[in-house]
Amino acid sequence: MEEKNIPLTNTCSFMGINPIMMALPYPSIQVRERNTAYANLLSVDYCGAVSEMSAVTQYINNENRLACEKCPLAKTLLGIAMAEMIHLQKLGELIYLLGGTVNFAAKYRNGRQILWTPEYLDIPENARKMLLADIEAEEGAINQYATHMKMIKDDGVNAVLARIIKDEEYHIMVLRALMEEL
């Protein structure tokens with residue numbers, strides 16, 4: 001029997017998707033003074049192994065791979081990715097105000113600089129494992145932010161990090177609910 005060339009189409013529409021985040025305002029993006037040590041800490045949150053850059057990329061990758069078969073799940077992951085993009089943008093502004101450089105290089109206290117790489121990502125093959133990897137990444141981000149907040153003595157910076165943590169906690173709640181639906 002001859003196979004017909006039937007075009008494949010993704011019917012999942014992503015129009016109208018909004019960031020999935022807490023309905024709370026973000027504090028002003030302000031710093032007490034330039035502090036490159038703080039900027040370097042935030043560069044790790046920006047583009048280190050556990051970072052907003054990793055989160056955005058992992059969520060978008062998962063969304064792409066799920067869109068054709070699990071449209072509602074893919075839409076939710078895109079909404080979370082959009083919130084992570086906002087976090088990335090806020091961190092970039094803070095890094096700049098602190099006198100740092102926004103260049104996708106995480107700057108560590110030992111002087112090492114490491115460019116962001118997709119090798120940081122966990123790319124499982126099924127939806128359940130994707131959600132578990134996403135939950136693990138969110139938990140890692142919360143722990144890293146909490147550690148950095150203890151090291152940073154700038155109320156403006158810490159207010160933004162505390163607000164980002166609220167979104168990450170919300171994402172964990174959403175992801176756990178999605179796990180129950182699978």
Side-chain angles (χ1 to χ4, degrees), residues 4-29 42-95 102 104 106 115-146 148 159-182:
K4 291 185 179 187
N5 289 331
I6 300 171
L8 301 174
T9 305
N10 180 7
T11 59
C12 188
S13 172
F14 291 96
M15 296 303 296
I17 302 295
N18 292 311
I20 294 177
M21 53 200 300
M22 295 293 291
L24 300 169
Y26 273 88
S28 298
I29 303 299
L42 295 183
S43 76
V44 175
D45 299 322
Y46 186 84
C47 63
V50 176
S51 69
E52 297 300 337
M53 185 67 189
S54 293
V56 168
T57 308
Q58 184 164 306
Y59 280 117
I60 292 294
N61 183 276
N62 290 345
E63 172 267 315
N64 287 168
R65 293 185 303 135
L66 294 170
C68 292
E69 295 178 12
K70 296 185 182 311
C71 182
L73 176 56
K75 287 180 175 185
T76 302
L77 295 182
L78 179 60
I80 293 173
M82 293 168 74
E84 303 296 357
M85 288 178 208
I86 292 168
H87 301 164
L88 187 70
Q89 188 270 335
K90 303 273 183 214
L91 290 172
E93 285 184 26
L94 287 171
I95 291 166
V102 180
F104 299 103
L115 289 175
W116 184 86
T117 173
E119 291 176 7
Y120 292 152
L121 306 180
D122 188 356
I123 312 281
E125 288 305 314
N126 69 60
R128 177 170 287 289
K129 288 182 180 178
M130 286 178 196
L131 293 177
L132 286 170
D134 292 340
I135 290 168
E136 184 178 311
E138 295 284 3
E139 291 170 342
I142 291 167
N143 291 335
Q144 185 168 284
Y145 282 128
H148 288 173
V160 174
L161 298 183
R163 174 60 186 81
I164 290 172
I165 287 173
K166 290 183 185 312
D167 284 341
E168 309 300 22
E169 292 170 338
Y170 185 65
H171 294 161
I172 290 171
M173 184 187 77
V174 169
L175 293 165
R176 286 185 176 148
L178 290 171
M179 288 281 297
E180 290 180 17
E181 293 175 15
L182 290 180

Does Glu69 have more than 12 heavy atoms from other residues, nucleotides or ligands lying within 6.0 Å of its CD?
no
Determine whether a donor-acceptor pair (N or O, by modelled atom type, separation under 3.5 Å) exists between the side chain of His171 and the backbone of Ile20.
yes
Nearest 0.5 Å, what's the CD-OG distance between Glu93 and Ser28?
10.5 Å
Please name the pair of heavy atoms, one in Ala81 and one in Ile60, separated by the smallest distance, quoted to 0.1 Å.
CB-CD1, 3.8 Å
Met21 backbone acceptor or donor facing Lys166 side chain under 3.5 Å
no
Option among Leu131, Thr76, Leu132 that satisfies the side-chain contact (heavy atoms from CB on, under 4.5 Å) test with Leu175:
Leu131
Working to the nearest 0.5 angstrom, can you tell me the gap between Asp167 CG and Leu24 CG?
8.0 Å
For the residue pair Pro25 and Arg163, what are the closest heavy atoms and their distance?
O-NE, 3.3 Å
Gln89 side chain near Glu52 side chain, heavy-atom distance below 4.5 Å
no
In terms of relative ring orientation, are Phe104 and Tyr46 parallel, tilted or perpendicular, with 30° and 60° separating the classes?
tilted
What verdict does the side-chain contact (heavy atoms from CB on, under 4.5 Å) test give for Glu138 and Tyr170, after you've listed the backbone C-alpha separation in whole Å, the side-chain angles of each residue and the deciding distance to 0.1 Å?
CA-CA 10 Å; Glu138 295 284 3; Tyr170 185 65; over 6 Å; no
For Val50 against Gln144, the heavy-atom pair lying closest together
O-NE2, 2.8 Å
Hey, does the side chain of Glu168 reach the backbone of Ala141 with a donor-acceptor pair shorter than 3.5 angstrom?
no
Using distance alone, with no hydrogens and no angle criterion, decide if Asp134 and Gln58 have a side-chain donor and acceptor under 3.5 Å apart.
yes
Gamma sulfurs of Cys12 and Cys71 within less than 2.5 Å
yes
Are Arg65 and Ile123 side-chain neighbours, meaning at least one heavy-atom pair lies under 4.5 Å?
yes
Are the side chains of Leu121 and Ser54 in contact, using a 4.5 Å heavy-atom criterion?
yes
Using side-chain contact (heavy atoms from CB on, under 4.5 Å), reason through Lys70 and Asn62 one step at a time and then give a plain yes or no.
CA-CA 11 Å; Lys70 296 185 182 311; Asn62 290 345; over 6 Å; no
How far does CG of Leu78 sit from CG of Asn18, to the nearest 0.5 angstrom?
10.0 Å
Specify the closest pair of heavy atoms between Cys47 and Trp116, including all atoms of both residues, with the distance to one decimal.
O-CD1, 3.2 Å
Give me the atom names and distance for the closest heavy-atom approach of Val102 to Gly92.
CG2-O, 3.5 Å
Shortest non-hydrogen pair, Ala83 vs Pro19, comes out as N-CB, 3.9 Å
When rounded to the nearest 0.5 angstrom, what distance separates CD in Glu136 from CD1 in Ile172?
11.0 Å
Donor-acceptor pair, distance only, cut-off 3.5 Å: does the side chain of Thr57 make one with the backbone of Met53?
yes
Could you grab the distance from atom CG of Leu73 to atom CG of Leu182, nearest 0.5 Å is fine?
6.5 Å
Value for CG (Leu88) from CG (Asp45), rounded to nearest 0.5 Å, stands at 11.0 Å
